[in-house]
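No experiment lies behind these values; they were computed from the predicted model shown.
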Amino acid sequence: MTNVISETKKQIQNVIYNSIKNISCSINVTEEQIASALNIEIETEIPKEKSHGDFSSNIAMKLTKVLKTSPAIIAKAIIDGMNTENTYIEKVEIAGPGFINFYLSKLRIYDALKSAYILGDEFGRLNYGNGKKVMVEFVSANPTGPMHMGNARGGALGDSLASVLDMAGYDVTKEFYINDAGAQVEKFANSLEARYIQALKGEDAVEFCEDWYQGNDIKVLANDFIKIHGDKYLETSSEERKDALTKYGLEHNIAKLKTDLADYRIDYDVWFHESSIHQNGEVKETIELLKKSSLTYEKEGALWFKSTEFGSEKDDVLIRANGFPTYFAVDIAYHRNKFEKRGFDQVINIWGADHHGHVARMKGAMDAIGCDGSKLDIVIMQLVRLVKDGEAVRMSKRTGEMITLSDLVEDIGIDAARFFFNLRQAGSHLEFDLDLAIAQNNDNPVFYVQYAHARIASIIRNLSAEGVNLNPIEEIDLSLLKEEAEVELIEKIISYPNEILQSAISMEPSKLTRYVMDLSALFHSFYNSCRVKCDDINLMQARLLLCHITKNVIKNVFRILKINAPEKM
């Protein structure tokens with residue numbers, strides 16, 4: 001039983017379904033009515049109030065129209081016809097207008113806890129995805145400069161989401177899309193050429209346009225190029241000079257991207273070059289497919305896409321009047337490559353908030369070329385506001401520019417960065433408190449959960465030093481764990497597979513950071529109210545097992561988030 005919540009829901013639904021099949025024994029209904037009733041979905045949920053049971057169903061109210069009877073009568077008939085043998089159902093009650101509340105045996109949580117221990121590192125792994133091929137594309141920063149804070153958040157979110165989907169049973173591929181063609185690369189080339197000439201002839205030798213890349217990194221690249229090639233390219237054509245500078249600059253920046261992301265504990269399966277789909281003709285192929293759809297038209301020498309049919313304020317150009325494809329057209333070709341050429345069943349992109357308007361038209365474009373736009377999911381990521389000493393941080397003391405990924409990792413560490421970026425849903429604005437991220441106290445959430453892991457490790461280590469080690473699980477009586485703090489901790493532990501499931505469905509790994517914080521809080525409460533080392537040897541063994549399992553679940557979450565699980569602090 002890897003997901004006790006899902007399994008228990010199925011058990012309850014089966015009991016209800018079988019009772020409805022025989023409901024005519026209690027109320028006067030026809031076979032046709034019963035057949036209709038059996039087609040209605042049986043919903044179950046966990047009540048907010050513990051007094052309302054472990055699970056509740058509103059099925060009686062949903063059946064009122066079909067069975068032409070009041071919910072209270074239907075609920076009673078369902079309960080009267082229930083066979084709860086060989087289930088965890090201990091008691092069933094009617095509440096309110098016809099809710100059916102289920103109270104379950106504690107045996108359920110003890111069986112699930114044993115399963116958690118036996119599964120170990122695999123606890124929480126599900127078959128929900130059934131091997132479905134999913135690509136998660138994230139960060140995909142232009143290789144024309146260093147990665148910034150948005151990339152740092154997108155990296156933590158995308159990488160953690162990929163791990164969640166893997167745990168949920170998907171076949172996951174992580175991809176970085178390298179924009180090494182198009183307008184931004186032309187701007188990069190112009191910027192490098194100007195800085196190259198200025199470095200050799202003086203700043204007045206050539207004008208530097210305002211819309212070119214102004215960062216100091218461009219000057220550094222130009223000077224590094226000069227160290228290798230000197231003034232060799234001053235006498236060549238501008239095209240040859242820009243080609244050489246661009247090749248050098250892109251190779252350097254892409255290598256730096258890979259190094260920075262690897263240092264951030266992100267390893268991609270695929271680094272996909274935009275230039276490849278220009279070179280192999282896929283951009284042209286895709287444009288021809290778009291022309292055949294009813295969603296394009298020509299105007300003023302350009303080819304347009306009817307984006308307004310998908311909620312955009314204006315239509316978008318696919319092919320400019322000069323014959324060159326726009327970024328939008330190339331992006332369509334790239335996504336066609338994902339679906340049609342490489343056969344992904346689902347594609348997930350992590351995009352910045354400025355791409356919000358791009359979502360509907362991209363899905364529409366997928367439909368236009370014969371790919372199912374519903375299989376493209378976009379996670380929109382909001383901005384990050386850095387705060388230090390209560391003030392917004394805008395500049396990096398080292399580079400004089402916006403804080404980069406490498407700046408952040410150097411200042412606060414990888415664990416804090418990855419945890420903090422997953423503290424909030426992607427669609428929420430995030431205030432990142434730099435002082436809090438490095439604080440060595442319980443106000444710092446990453447310190448708090450790491451301390452919980454280290455504290456458990458210390459308990460296990462100290463008991464072992466006294467000769468107290470964990471017995472085989474079949475010798476441990478888990479039913480001795482009856483205290484409120486113990487039961488609450490067990491309930492949280494066994495809900496872990498459901499947290500994986502819900503994180504995968506919602507594409508929100510932030511659910512796991514909240515989960516592990518709650519789990520840590522419940523462990524601290526357990527530790528403060530229930531002595532692990534006690535005179536009752538059997539109870540001590542049960543509590544020691546609970547410690548082992550809690551520690552392992554925390555470590556499992558850390559593995560997904562790629563955060564260290566310290567044994568000592």
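Ion pair Lys106/Asp54 not flagged as a salt bridge, since none of the NZ, NE, NH1 or NH2 atoms sits closer than 4.0 Å to an Asp/Glu carboxylate oxygen. Between Lys511 and Glu508 there is no salt bridge, since none of the side-chain N atoms of the basic residue sits less than 4.0 Å from a carboxylate O of the acidic one. Using a 4.0 Å cut-off between charged nitrogen and carboxylate oxygen, Arg543 and Glu483 do not count as a salt-bridge pair. A salt bridge does not link Glu491 with Lys50: none of the charged nitrogens is closer than 4.0 Å to a carboxylate oxygen.
The closest side-chain donor-acceptor pair between Arg361 and Ser312, if any, does not fall under 3.5 angstrom. Side-chain contact annotation: Asp159 with Tyr264, donor-acceptor N/O pair under 3.5 Å absent. For the residue pair Thr404/Asp407, the side-chain donor-acceptor check at 3.5 Å is satisfied.
Counting non-hydrogen atoms of other residues, nucleotides and ligands closer than 6.0 Å to CD of Glu475 gives a total above 12. Applying the 6.0 Å contact sphere to NZ of Lys132 captures more than 12 heavy atoms from other residues, nucleotides or ligands.
Between Lys562 atom NZ and Arg418 atom CZ the span is 5.5 Å, to the nearest 0.5 Å.
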> Thr513 and Asn422: side chain to side chain donor-acceptor pair (under 3.5 Å), yes or no, with the steps?
Replying inline: CA-CA 7 Å; Thr513 56; Asn422 274 298; over 6 Å; no

>> Is there a side-chain contact (heavy atoms from CB on, under 4.5 Å) between Arg342 and Glu175? Walk through the geometry before answering.
In response: CA-CA 13 Å; Arg342 288 188 279 165; Glu175 181 155 302; 2.6 Å; yes

> Would Phe432 and Phe420 count as a ring pair (Phe, Tyr, Trp, His ring centres under 6.0 Å) if you check the C-alpha gap in whole Å, the side-chain angles of each, and the deciding distance to 0.1 Å?
Replying inline: CA-CA 7 Å; Phe432 196 123; Phe420 269 67; 5.0 Å; yes

>> Let's go through Lys338 and Asn349 carefully: what are the C-alpha distance in whole Å and the side-chain angles of both, what is the deciding distance for side chain to side chain donor-acceptor pair (under 3.5 Å) to 0.1 Å, and is it a yes or a no?
In response: CA-CA 12 Å; Lys338 295 179 180 182; Asn349 294 341; 3.1 Å; yes

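Under the 4.5 Å side-chain criterion, counting only non-hydrogen atoms from C-beta, Ile332 is in contact with Leu290.
Below 30°, between 30° and 60°, or above 60°: for Phe328 and His358 the angle between ring planes is above 60°, a perpendicular geometry. A parallel orientation is assigned to the rings of His524 and Tyr451, their planes being inclined by less than 30° (bins at 30° and 60°). Relative ring orientation between Trp351 and His335 is described as perpendicular, the plane-to-plane angle rising above 60° on a 0-90° scale split at 30° and 60°.
Closest heavy-atom contact between Val172 and Asp269: O-OD2, 4.0 Å.
Using modelled atom types, no side-chain atom of Glu309 and backbone atom of Leu295 make a donor-acceptor pair closer than 3.5 Å. Here the side chain of Gln502 pairs no donor or acceptor atom with the backbone of Pro497 at under 3.5 angstrom. The closest donor-acceptor contact from the side chain of Asn441 to the backbone of Asp443 lies under 3.5 Å. Checking side-chain atoms of Asn444 against main-chain N and O of Val446 turns up a donor-acceptor pair under 3.5 Å. For the pair Ser57 (side chain) and Glu43 (backbone), a donor-acceptor distance under 3.5 Å is present.
A cation-pi contact links Lys133 to Phe344, judged by a cut-off of 6.0 Å to the six-membered ring centre and 45° from its axis.
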